[in-house]
Amino acid sequence: MSTLLWLRKSLRLHDNPALCAAIEGSTHLFPVFCLDPWFVQSGRVGTNRMNFLLESLHDLDASLRALNSRLIVLQGDPRDELPRVWREWKVERLAFEIDTEEYAKARDDEISRLAQSMGVQVVTRWGHTMCDLDQLLKHAGGTPTTNYNSFLSHFEMESRLQPVKPIDAPRRLPPLGAIAAAEATLPSIDQLGYARSHRSVILPGGETEALRRLEEHLKREEWVATFEKPQTSPTGMNPFGDRTRSTTALSPYLKFGCLSSRLMYDEIKKVYTRHPKHSKPPTSLHGQLLWREFYYTCAHGTPHFSQMRGNPICRQIPWGADEELLAAWREARTGYPWIDAAMTQLREEGWIHHLARHAVACFLTRGDLWQSWEEGAKVFDELLLDADPAINYGNWMWLSCSCFFYQYFRCYSPVAFPRKYDKEGEYVRHWLPCLKNMPAKYIYEPWKAPIAVQKSASCIVGVDYPKPIVQHEVVSKENMAKMAMAYEAYKNGKSSVGGLSTTMGAKGKNPLKQTILPSSKKPRQ
DNA sequence: TCCGACGTTGGAGCG
DNA sequence: CCGCTCCAACGTCGG
């Protein structure tokens with residue numbers, strides 16, 4: 001049996017069920033990654049994340065070579081490339097990990113049909129998440145819950161049936177066929193049309209690095225056991241070395257599957273057994289992995305999860321469409337140093353702390369600029385190393401009070417919020433050097449500094465640094481009123497957007513129940 | 001059907 | 001510096 005293992009995520013050897021399935025009964029194994037133009041040439045993936053991907057592929061290739069195999073990298077649409085190599089290499093079986101992203105589902109359905117039509121067997125396995133997401137949906141009665149605590153009970157049910165247990169990396173691999181060995185290798189980032197100079201390697205990609213970092217974190221048992229997410233700081237200058245304020249920053253490794261979420265969960269569990277008074281979800285480290293699982297399940301079971309219209313869990317809110325405001329936010333020139341510093345770090349490093357994401361997301365949407373969360377999500381999707389559709393869109397809905405979270409009167413101040421963490425404004429000074437000499441008193445609101453102070457700090461607001469594009473005290477109040485109206489419209493059972501009229505939310509508590517019950521299941525009554 | 005408790009991470013003002 | 005209350009008042013769950 002000759003098997004092609006089609007790698008997309010799970011760029012690792014450890015805890016890789018699809019890899020194990022591909023090995024079983026194979027005389028030849030072709031590990032293949034396909035650089036799909038839908039991702040590569042579309043502008044969807046920024047330089048930093050593409051670089052992370054290439055490093056991860058490079059690392060995987062090295063690990064495969066150590067087992068007398070190697071990674072074959074194809075370039076082109078997998079709908080063309082895979083059938084070609086199935087023929088050329090006489091592939092009898094295709095194995096891949098289930099991917100629940102919107103694009104991936106459609107793509108994988110097509111590929112599976114092509115394979116069957118060409119007599120190629122198809123084997124799929126879950127592996128990117130801790131559980132089989134269809135099973136989690138089943139525990140929820142067929143429709144995803146938008147409530148974390150409800151989700152926790154579903155997860156507990158499922159993990160009792162299928163304990164979260166990682167599997168070891170294989171020690172031997174079937175050899176490649178001779179023809180396949182001649183195929184092209186990994187391109188460099190400039191060969192893919194990206195400017196090498198725009199790259200900033202803060203987090204190097206790859207399974208080796210992921211496991212090393214996980215191990216480093218696990219050594220700090222006390223820290224692991226007592227981790228409380230809300231206690232961490234968004235303004236830590238070096239989040240990857242700072243031992244007192246940082247998070248793990250393992251998200252990019254989880255996104256690409258350089259690190260298995262099941263392995264991480266299981267290793268943390270071992271620490272918990274030695275520290276009986278450990279923290280608990282939602283704030284604990286286990287809690288963080290469960291948030292990931294939560295959003296994945298929700299996205300898997302929700303149509304049009306990436307947008308507002310047609311998304312049954314998303315509040316319909318009449319966002320504005322002001323290209324200037326959006327551009328100012330995206331390009332870090334809102335005139336609010338905290339917002340601009342975070343957006344600068346995002347662009348430079350591809351990573352910002354979760355609370356910085358909250359702050360800039362709230363600012364763009366319900367807090368200040370009243371722009372659609374979809375636009376913000378697109379920017380994050382391009383720039384974040386860990387950009388992950390389920391989690392990204394989910395969190396944008398959360399922050400914009402479109403789903404999951406509804407207390408729109410709780411609004412982040414771009415001035416008061418960062419001050420709680422960083423009184424001196426070191427974070428701002430680092431990312432916005434033009435404000436380096438601004439006194440701490442004015443660092444988050446430099447337009448309030450007397451002109452003499454601005455002069456002695458060599459930073460004239462309106463010249464060296466922008467004036468604020470909106471007045472937070474004014475617009476945040478106006479926007480709260482707009483949110484109240486949108487919620488009122490929702491309660492009255494009609495959409496407030498584009499004259500669309502829907503009965504959504506008119507009576508039912510969960511509009512999903514009326515719209516997307518899986519055909520295989522009967523409604524619960 | 002109603003009501004209270006709760007919701008990972010708000011802000012301002014107070015003691 | 002911390003913890004408390006109020007601000008005005010969201011949806012969801014469960015008794």
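So that the names make sense, note that chain A is the first sequence line, chain B the second, and so on, each numbered from 1. All heavy atoms count here, side chains included; hydrogens, waters and symmetry mates do not.
Summarising the geometry, the separation between CZ on F405(A) and C1' on dG10(B) is reported as 8 Å, rounded to the nearest angstrom. A straight line from OH of Y406(A) to P of dG10(B) spans 17 Å, rounded to a whole angstrom. For the pair Q288(A) CD and dT9(B) P, the interatomic distance rounds to 12 Å; values are reported in whole Å. Taking atom OH of Y148(A) as the reference point, atom P of dT8(B) lies 8 Å away to the nearest angstrom. As a whole-Å value, the separation of L290(A) CG from dT8(B) P is 12 Å. Across the protein-nucleic acid pair, N147(A) atom CG and dC10(C) atom P stand 18 Å apart, rounded to whole Å. Remark: P of dT8(B) and CG of N395(A) are 12 Å apart, rounded to the nearest angstrom. Summarising the geometry, the separation between OH on Y490(A) and C1' on dC10(C) is reported as 12 Å, rounded to the nearest angstrom.
At a threshold of 4.0 angstrom between heavy atoms, the contacts of E228(A) with the nucleic acid are absent. Here R366(A) lies out of heavy-atom contact (under 4.0 Å) with every strand.
For an aromatic pair to be called close, the ring centres must be under 6.0 Å apart, and Y103(A) with F39(A) satisfies this.
Looking at residues two or more places apart in sequence or on another chain, you find a side chain to side chain contact (heavy atoms under 4.5 Å, CB included) between L152(A) and Y148(A), N149(A), P281(A), L290(A). Annotation: side chain to side chain contact (heavy atoms under 4.5 Å, CB included) contacts of S476(A) (sequence neighbours excluded): C411(A), H472(A). Partners of R125(A) according to the side-chain hydrogen bond (donor to acceptor under 3.5 Å, both in side chains) rule, which considers only residues two or more places apart in sequence or in another chain, do not exist here. When the side chain to side chain contact (heavy atoms under 4.5 Å, CB included) test is applied to K448(A), the partners found at least two apart in sequence or on another chain are Y442(A), E445(A). For H154(A), the ring pair (Phe, Tyr, Trp, His ring centres under 6.0 Å) criterion is met by no residue, not counting sequence neighbours. With sequence neighbours excluded, the residues that form a side chain to side chain contact (heavy atoms under 4.5 Å, CB included) with F409(A) are Q407(A), M480(A). D388(A) is linked by a side-chain hydrogen bond (donor to acceptor under 3.5 Å, both in side chains) to Y296(A), counting only residues two or more places apart in sequence or in another chain. The side-chain hydrogen bond (donor to acceptor under 3.5 Å, both in side chains) check on H300(A) picks up K105(A), D134(A), with sequence neighbours excluded.
Using cut-offs of 30° and 60° for the angle between ring planes, the H286(A) and Y265(A) rings count as parallel.
Sorted by first and then second residue, the ring pair (Phe, Tyr, Trp, His ring centres under 6.0 Å) pairs involving residues 328-349 of chain A (not counting sequence neighbours) are W329(A)-W396(A), Y336(A)-F363(A), Y336(A)-W447(A), W338(A)-Y427(A).
Separation of the P atoms belonging to dT8(B) and dA8(C) is 25 Å when rounded to the nearest angstrom. Separating the P atom of dC1(C) from that of dT9(B) is a span of 23 Å, rounded to the nearest Å. Separating the P atom of dC6(C) from that of dA5(B) is a span of 15 Å, rounded to the nearest Å. Using C1' as the reference atom, dA9(C) and dT5(C) are 16 Å apart when rounded to the nearest Å.
Close to dT9(B), at under 4.0 Å from its OP1 or OP2, lies no side-chain N or O of R357(A).
Checked options E221(A), R213(A), R220(A), E215(A); the residue passing with H217(A) is R220(A) (criterion: side chain to side chain donor-acceptor pair (under 3.5 Å)).
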Enumerate all atom pairs, one protein N or O and one N or O from nucleotides 11-15 of chain B, separated by less than 3.5 Å.
unit_1	atom_1	unit_2	atom_2	d
dG11(B)	OP1	S413(A)	N	2.7
dG11(B)	OP2	K420(A)	NZ	3.3

Taking Watson-Crick and G-U wobble contacts under 3.5 angstrom, with | marking pairs to another strand and [ ] crossing pairs, the secondary structure of DNA chain B is written .||||||..||||||
With B for base contact, S for sugar-phosphate-only contact and - for none (protein heavy atoms under 4.0 Å), nucleotides 4-9 of chain C reads -----S
